[in-house]
Structure formats: C-alpha cells, structure tokens
Amino acid sequence: MQEVKIRIRRSEPAVSNEVRYQEFTVPVGEGMVVLDAVHYIQNNIDPTLSVRWNCKAARCGSCSAEIDGMPKLMCKTRMDTLGKEITINPIKAYPVVKDLVTDVSHNYEIAKKIPPFTPKEGLKEPWTMMQIDVTRSKEFRTCIECFLCQDVCHVIREHQSNYFGPKHVVKIAALDLHPLDSIDRSELLHHDGGLGYCDITKCCQNVCPEEIRITDNAIIPEKERIVDHAYDPIGLLIKKVKRRKW
Amino acid sequence: MEKNMDKSLTWFPPEFKELNWRLWSFAIILILSAGALILYPVSQFEGYVDPFYSPTVAVIPLIALFRLSCYAYRKDYYRHVFRHPIACLDGIRFDDNRKGYSGEMTFFSLQNFHRYFLYIAIVILPFFYYDIYVSMTYISGEFIFRLGTIILIANALLLTLWTFSCHAFRHLTGGHTDCYSCKTAGGAKKKFYNGQSYLNRYHEQFAFISLIVVLAVDLYIRALIVGWPIDFTLLKFAI
Ligand code: SF4
Ligand code: SF4
Ligand code: FES
C-alpha cells in the first residue's frame with residue numbers, strides 16, 4: 001500500500017492561541033477520498049482531531065476544507081488526484097472552532113434577510129407551470145450549502161463588506177426566477193446585499209461541487225436585473241409606458 | 001465580520017491608487033496602439049476595409065467601451081490587471097485586505113451601462129458584412145474571391161457570435177422574465193433564449209478569439225500594403 005503525508009492545521013481558539021501543522025502518514029487504498037484519510041487519522045493516530053461531516057456522499061455540504069489551497073469537499077476529493085504530500089486547512093473565510101471545523105453561522109444571519117418564496121396573488125390550485133420555467137431555478141436548488149463558494153470569494157475572504165456572497169445570490173436567483181414568485185429580490189441585493197462588490201471573477205463558479213454556474217446563471221442575471229431598476233433610464237421608460245393601460 | 005466598508009466609499013476607486021505596473025503598462029499599450037492607428041492609418045487596400053475603420057474610425061471609442069464593459073473582459077482585467085484576485089488558489093491569489101477594493105460599487109458601476117454599448121455594437125455589426133461584399137466586388141464588372149475575403153468572413157462571424165452571446169443580450173432575450181415560456185406564440189422566445197444561452201456559455205472564448213482575429217485582419221492588410229504576396233485569388237469572373 002502507498003503512503004501519503006498529510007499536514008493538517010490544528011488549533012482551538014477557545015482554549016489557546018496556538019496554531020500548528022501536524023503531519024500524519026496515512027496508507028492510501030484504492031478509491032480512497034480525503035475524508036477517509038482524516039477518519040483513518042482519527043481512528044488510528046489521533047482521536048482528538050476534529051472534522052465535521054455527515055453524509056460522505058457530497059450531499060450534506062459539511063466537510064468543506066482547503067485541500068492544497070483549493071476549497072473542496074473532503075468527501076469528494078479522491079486521494080489519487082493529489083500528490084504524495086497533502087496540506088489540509090479549514091476554510092479560511094470563517095472563524096475556526098477547532099481544527100478543521102469552522103463557524104459558518106454568519107450565513108444563517110444572511111439567510112434570514114432573504115424574503116421567502118411568496119406566491120403571486122390569486123393563483124388557482126393546483127399551481128401549474130411549464131417545466132422549462134422551473135428548470136432554470138432548479139439548477140440553484142441543487143446547492144448543498146457547503147459554503148465553498150463563500151470561502152473562495154475574495155470579497156468575503158479578503159475584504160470586509162456587506163456583500164451577501166455567491167451562495168446567497170444563488171438562493172435569491174432560485175426564488176427570483178421562479179415563475180410563480182411575486183417578489184423581486186434584486187433590489188435587496190443591490191442595497192443591503194452589496195452585489196456591486198462582486199467583480200464576476202468566477203472563483204465561486206470554479207469551486208462549486210454541484211457545478212452550479214453561479215456567476216453566469218445567478219450573479220450576472222441578478223446584476224442585469226439591478227441595471228433594469230437602478231441604471232437603465234431607457235428601460236425604465238419603456239416599462240412605464242408598457243404598464244400604462246392604453 | 002461586517003466592518004462595513006461603505007463609509008470609505010468615494011467615487012474614485014482605490015484600485016487606481018495601487019502601485020500597479022500591470023495597469024499602467026496596459027494603459028501605455030492602449031495609448032501606443034491608438035497612436036499607431038492614427039499615425040499609420042490603413043483604412044483600406046484593394047477592396048479590403050480595415051476593421052478598425054468600419055464604418056469609420058470614429059466608432060473605435062464606442063467599440064472599445066463595449067469591449068471594456070463586456071463581462072468577459074471585466075473578469076479578465078479585474079483578475080490580471082487589478083489582481084482581485086488573480087487566481088482562486090490560496091497562496092497565489094495576490095489579493096489581501098490591505099488592498100483597497102470597491103468592486104463595481106463606485107467608478108466601476110459605470111459597467112452597468114454595458115447594454116447601451118451592446119445596442120451600438122448591433123448597429124455597427126452589418127458594416128462588417130458590407131465589407132465582405134465590397135471585398136468581392138470592388139472592381140466594377142468583376143467578381144473576385146480572395147483569401148482576404150475568407151478572413152473578413154471569419155472576422156464578421158466571430159464578431160457576430162461575440163456580440164450576440166453577450167450577457168446583456170441574454171437578459172434581453174429571457175433573463176428579465178420569470179416565465180419565459182409564457183411570452184410570444186409558438187415558444188419562439190423560449191427557443192431563442194435557450195439558443196442564446198448556449199452561445200453564452202462560450203462568450204469568453206468568442207470575446208478573445210474575435211479580438212485576436214480583428215488584430216489579425218489589420219495585420220493582414222498591412223502586410224499586403226508592404227507587398228507580401230499572400231493574398232491569392234480563389235475565384236474570379238466577370239459579371
Ligand atoms: S464571481 Fe463574484 S461572488 Fe463569485 S467569487 Fe468572484 S467576486 Fe465572489
Ligand atoms: S452554490 Fe455551490 S459552492 Fe456555493 S454553497 Fe451551494 S453547492 Fe456549495
Ligand atoms: S460529508 Fe456530506 S458533503 Fe462531504
């Protein structure tokens with residue numbers, strides 16, 4: 001069996017300020033993923049190593065970490081795609097609780113600010129809609145809330161701002177593009193959500209394990225909707241004229 | 001987390017205050033090439049209209065603004081000129097919290113007028129097709145098909161693909177509506193939007209290939225002027 005060296009960042013801020021990288025040697029078998037290796041360490045070398053996970057099937061979004069500097073799910077990253085020496089860090093955009101476990105609760109605060117699905121008035125049950133209209137927002141519903149996109153986004157990682165972050169734009173786009181929803185959340189994104197801070201550099205889209213085309217399909221369309229009501233005088237004029245009943 | 005930088009926002013973006021050789025070398029290259037275009041104009045040669053002069057050199061600033069506000073180019077220069085961030089991988093991102101950042105909140109919120117430059121570009125686009133026609137019929141009573149015409153056709157097609165794969169155009173064709181099957185009869189709108197979305201996937205590629213081809217056409221015509229014998233004729237007859 002092959003052996004791989006794994007460096008893991010260890011810390012527990014509530015107890016001490018100490019941060020250290022600990023190296024473990026792990027035997028690697030066929031089909032093994034990074035989470036397996038971390039479990040091997042927990043079970044055989046150091047049971048105090050903390051990691052959060054639930055499904056080991058890339059469904060729950062718990063095991064986000066930075067593997068060799070790239071935000072990834074540990075359960076979806078095969079060991080044979082990596083080298084002989086691997087470094088695992090907790091996701092940097094959020095405060096560490098212990099070792100690889102981070103506190104992502106800031107995202108739940110943001111989520112509370114987003115108005116939920118609000119059906120149009122006077123809809124007759126059962127609601128009918130065309131599949132094609134639902135397809136667009138379906139892409140966003142595959143989001144597993146792993147916050148990898150939030151972690152890689154430089155606006156959140158390197159600059160402080162009120163920007164909600166790509167994950168929340170995905171959520172908003174899912175609601176906004178729904179054919180039976182009645183609210184336009186792009187105004188919220190423009191003001192409280194700070195979408196203007198996003199410079200469409202697409203790192204979020206690069207790391208999304210669900211392969212949601214975050215920037216192309218959620219962020220840019222929301223930006224264009226913001227242009228509609230905040231920047232485009234001719235568009236506004238046309239809308240006004242259209243709204244008038246002749 | 002939320003220290004709120006909003007207070008520090010001024011119209012002048014902090015990105016321009018960085019010691020950034022990439023930005024200034026980019027600016028110098030732009031100025032030099034603008035100078036070259038003006039000092040050594042080659043508006044046309046043997047029926048070939050230089051793409052920079054189609055329909056007139058006066059539209060260059062508008063086309064330049066269309067390119068500069070295009071989402072594909074924005075991504076590229078925010079990454080490679082301003083390094084916000086240059087790469088997604090930790091350790092080589094070259095972005096950090098000591099660098100000022102305003103994104104598209106202040107000066108760069110002007111990018112939001114991209115759709116107006118799109119409208120202008122759509123108006124200018126037919127001239128490139130007219131140039132193809134001219135290149136084949138510039139001698140009266142004769143039809144001629146040369147290598148240069150093929151290059152002009154490629155140029156026009158790529159410009160068309162780039163222009164119509166634009167994100168602002170996508171918004172126009174269906175992005176603005178929540179129910180894109182409801183509008184217009186026969187699902188025409190739906191089909192159009194889906195087709196456009198397909199092109200849109202390759203928008204970045206079209207953006208850069210079309211730019212390279214425009215430059216190549218310009219160089220091709222310049223090469224002909226200095227006498228390179230590369231423009232062979234494929235077909236020629238009297239009409
Ligand atoms: S495209 Fe926008 S949201 Fe996505 S990583 Fe870049 S700045 Fe962040
Ligand atoms: S959009 Fe993708 S990367 Fe972001 S939280 Fe959802 S699944 Fe994770
Ligand atoms: S353990 Fe559930 S996504 Fe990795």
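We use all heavy atoms of the structure for the numbers below, so side chains are in, but hydrogens, waters and symmetry mates are not. Because the structure is predicted, anything quoted here is derived from the model rather than measured. Labels below follow one simple rule: chain letters A, B, ... track the order of the sequence lines, proteins then strands, and each chain is numbered from 1.
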Side chain, backbone, both or neither of [X] within contact of chain A (heavy atoms, under 4.5 Å):
X        : value
B:Phe113 : side chain
B:Asp76  : neither
B:Tyr193 : side chain
B:Tyr116 : side chain
B:Glu204 : side chain

> Under the salt bridge (charged side-chain N to carboxylate O under 4.0 Å, His left out) criterion, do B:Asp90 and A:Arg157 qualify, and how do the steps go?
Replying inline: CA-CA 10 Å; B:Asp90 189 48; A:Arg157 194 185 175 98; 2.9 Å; yes
Largest heavy-atom contact set with chain A, pairs under 4.5 Å, which of [options]:
options                             : answer
B:Pro85, B:Gly175, B:Ser109         : B:Pro85
B:Ala87, B:Gly91, B:Cys88, B:Ser197 : B:Cys88
B:His114, B:Arg74, B:Arg93          : B:Arg93

> Going by the angle between their ring planes, with limits at 30° and 60°, are A:His154 and B:Tyr101 parallel, tilted or perpendicular?
Replying inline: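 Rings of A:His154 and B:Tyr101: perpendicular, as their planes differ by over 60°.
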>> For chain B, which candidate among A:Lys202, A:Met129, A:Lys223, A:Met130 shows the most heavy-atom pairs at distances under 4.5 Å?
In response: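 Max contact count across the listed options: A:Lys202.
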> In terms of heavy-atom pairs under 4.5 Å with chain B, which of A:Val152, A:Ile234, A:Ile220, A:Leu177 leads?
Replying inline: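 The answer is A:Ile220.
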> Which is it for A:Ile132 and B:Asn194 under the side chain to side chain contact (heavy atoms under 4.5 Å, CB included) test, yes or no, and what are the steps along the way?
Replying inline: CA-CA 10 Å; A:Ile132 189 87; B:Asn194 286 351; 3.7 Å; yes
Do NZ/NE/NH1/NH2 and the carboxylate oxygens of [X] and [Y] come within less than 4.0 Å?
X        : Y        : result
A:Glu158 : B:Lys99  : no
B:Arg201 : A:Asp216 : no
A:Asp199 : B:Lys75  : no

>> Test side chain to side chain contact (heavy atoms under 4.5 Å, CB included) on B:Arg79 and A:Cys203; report intermediate values, then the result.
In response: CA-CA 10 Å; B:Arg79 274 197 181 206; A:Cys203 282; 3.5 Å; yes
Assess whether atom [atom1] of [X] is packed by more than 12 heavy atoms of other residues, nucleotides or ligands within 6.0 Å.
X        : atom1 : answer
B:Phe12  : CZ    : yes
A:Lys240 : NZ    : no
B:Tyr129 : OH    : yes
A:Glu23  : CD    : yes
A:Tyr21  : OH    : yes
B:Tyr119 : OH    : yes

Mind checking whether [X] and [Y] have side chains closer than 4.5 Å, heavy atoms only?
X        : Y        : answer
A:Asp228 : B:His176 : yes
B:Arg170 : A:Asn217 : yes
B:Ile86  : A:Thr201 : no

Would you compute the distance between atom [atom1] of [X] and atom [atom2] of [Y] and round it to the nearest 0.5 angstrom?
X        : Y        : atom1 : atom2 : value
B:Ser102 : A:Tyr197 : OG    : OH    : 7.5 Å
B:Cys179 : A:Lys120 : SG    : NZ    : 6.5 Å
A:Gln160 : B:Asn97  : CD    : CG    : 6.0 Å
B:Met105 : A:Tyr163 : CE    : OH    : 11.5 Å

> Is the side chain of B:Arg115 donor-acceptor paired with the backbone N or O of A:Val227 at a distance under 3.5 Å, no angle test?
Replying inline: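 Absent.
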>> Checking the side chain of A:Arg225 only, and the main-chain atoms of B:His171 only, is there a donor and an acceptor separated by less than 3.5 Å?
In response: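 Checking the backbone N and O of B:His171 against the side chain of A:Arg225, no donor-acceptor pair under 3.5 Å is found.
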>> If I measure from the heavy atoms of chain B, does A:Cys204 come under 4.5 Å with its side chain, its backbone, both, or neither?
In response: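 The answer is neither part of A:Cys204.
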> Where on A:Asp181 is there a heavy atom nearer than 4.5 Å to chain B: the side chain, the backbone, both, or neither?
Replying inline: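 Interface part for A:Asp181: backbone (N, CA, C, O).
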>> Is it the case that the side chains of B:Asp96 and A:His159 hold a donor-acceptor pair, with the cut-off being a distance below 3.5 Å and no angle test?
In response: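 Note: A:His159 and B:Asp96 side chains miss the donor-acceptor criterion.
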>> As a quick check of understanding, evaluate side chain to side chain contact (heavy atoms under 4.5 Å, CB included) for A:Glu224 and B:Leu172, giving each step before the final call.
In response: CA-CA 9 Å; A:Glu224 285 295 321; B:Leu172 208 69; over 6 Å; no
> Minimum heavy-atom separation for B:Leu89 to A:Asp68, with atom names?
Replying inline: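 Residues B:Leu89 and A:Asp68, closest heavy atoms: CD1-O, 3.5 Å.
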> Please walk me through it: do A:His178 and B:Asp178 pass side chain to side chain contact (heavy atoms under 4.5 Å, CB included)?
Replying inline: CA-CA 6 Å; A:His178 195 289; B:Asp178 294 345; over 6 Å; no
